[in-house]
Amino acid sequence: MNIKTEFLRIGGIPDKATPGCQNLAGSGSLPAVLYGEKSDRVYLYLHGKHGCKEEAAALAPVLCGAGWQILAVDLPEHGERKNDPEDKKECFPWTVIPEWKAVVRWLDERYSRVALCAVSVSAWFVMRTFRDRAFDHALFTPPLRICGW
């Protein structure tokens with residue numbers, strides 16, 4: 001199955017809900033990958049420790065085949081962000097939570113339905129970040145399945 005893949009940067013999204021929060025990542029944008037044809041439904045894929053956004057490709061045949069898109073972003077100190085000299089953020093709840101809230105607001109502006117898939121430590125971050133948020137679907141995955149450990 002040939003799945004449309006678009007690499008992009010979600011940029012300049014200040015977290016207005018958190019006083020004093022700076023823009024996302026060092027350059028003011030987050031590296032992301034979007035899988036699938038245009039849709040009004042999207043899964044936000046959040047990888048685990050030592051992972052990267054490209055891991056979402058493993059889910060693309062199933063989810064995109066069902067009419068969903070998948071947006072995946074890198075955690076601080078992971079994937080493209082690992083070697084970005086401008087991105088000084090560390091992978092702690094106080095950096096991840098404001099970023100993910102901003103990403104979900106960005107998705108809410110563009111999609112009528114938002115679901116999520118979180119792997120390993122990201123599942124814990126999600127439960128802390130979105131306690132009061134309902135998603136269309138929420139999949140929590142241990143690292144063994146996606147990473148092949």
Side-chain angles (χ1 to χ4, degrees), residues 1-13 15 18 21-37 39 41-111 113-131 133-149:
M1 174 182 243
N2 190 16
I3 297 170
K4 180 179 177 185
T5 304
E6 179 183 355
F7 289 88
L8 59 135
R9 292 190 75 87
I10 299 172
I13 312 171
D15 181 4
T18 306
C21 181
Q22 300 302 312
N23 283 352
L24 298 173
S27 61
S29 64
L30 286 177
V33 60
L34 183 65
Y35 295 99
E37 297 298 324
S39 175
R41 305 181 295 166
V42 67
Y43 261 87
L44 174 59
Y45 178 86
L46 303 167
H47 65 77
K49 188 167 177 80
H50 305 296
C52 65
K53 65 188 177 304
E54 290 81 6
E55 290 175 4
L59 298 173
V62 174
L63 295 177
C64 296
W68 291 81
Q69 287 187 286
I70 304 169
L71 179 78
V73 297
D74 281 325
L75 281 165
E77 301 180 303
H78 291 76
E80 278 184 59
R81 298 179 71 181
K82 188 173 188 173
N83 298 314
D84 182 351
E86 292 184 27
D87 189 347
K88 306 286 189 227
K89 291 192 175 183
E90 295 179 277
C91 193
F92 292 120
W94 49 89
T95 56
V96 173
I97 288 171
E99 288 186 355
W100 286 359
K101 284 182 177 180
V103 169
V104 168
R105 277 195 307 276
W106 186 87
L107 291 172
D108 283 339
E109 292 171 3
R110 289 158 177 80
Y111 295 90
R113 295 177 65 190
V114 178
L116 86 104
C117 178
V119 177
S120 186
V121 69
S122 288
W124 182 83
F125 283 142
V126 162
M127 289 187 278
R128 302 266 318 156
T129 306
F130 300 112
R131 288 185 279 232
R133 161 76 191 218
F135 288 93
D136 281 65
H137 306 280
L139 307 173
F140 297 121
T141 308
L144 303 173
R145 182 77 177 128
I146 299 292
C147 300
W149 294 345

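Everything numeric in this text was worked out from a predicted model, so none of it was measured. Below, all heavy atoms of this structure are taken into account, side chains as well, without hydrogens, waters or symmetry copies.
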Exam field: side chain Gln69 to backbone Gly36, donor-acceptor pair closer than 3.5 Å: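 Side chain of Gln69 to backbone of Gly36: a pair is present.
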
When you measure from the side chain of Ser39 to the backbone N and O of Gly67, does any donor-acceptor pair fall under 3.5 Å?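 At least one qualifying donor-acceptor pair exists.
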
At their closest point, which heavy atom of [X] faces which heavy atom of [Y], and how far apart are they?
X      : Y      : answer
Cys52  : Asp74  : CA-OD1, 3.4 Å
Leu59  : Cys117 : CD1-SG, 3.7 Å
Ala66  : Arg41  : O-NH2, 2.5 Å
Val126 : Ala118 : CG2-CB, 3.8 Å
Val42  : Trp68  : N-CE3, 3.3 Å
Phe140 : Ala123 : CD2-CB, 3.5 Å

Find out whether [X] and [Y] are in side-chain contact, i.e. whether some heavy atom of one side chain is under 4.5 Å from a heavy atom of the other.
X      : Y      : result
Val73  : Leu46  : yes
Asp108 : Arg133 : yes
Glu54  : Tyr45  : no
Asp136 : Tyr111 : no
Leu71  : Ile10  : yes

Tell me, please, which residues at least two apart from Arg110 pass side-chain contact (heavy atoms from CB on, under 4.5 Å).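 Partners of Arg110 by the side-chain contact (heavy atoms from CB on, under 4.5 Å) criterion, ordered by chain and then number, come out as Trp106.
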
How many angstroms lie between atom CG of Leu107 and atom CZ of Arg105, to the nearest 0.5 angstrom?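 CZ of Arg105 is found 11.0 Å from CG of Leu107.
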
If I take atom CD1 from residue Ile70 and atom CD from residue Glu55, how far apart are they, to the nearest 0.5 angstrom?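 Ile70 CD1 to Glu55 CD: 12.5 Å, rounded to 0.5 Å.
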
Can you tell me how the ring of Tyr43 sits relative to the ring of His137, calling it parallel under 30°, perpendicular over 60° and tilted otherwise?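 The rings of Tyr43 and His137 lie parallel, inter-plane angle below 30°.
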
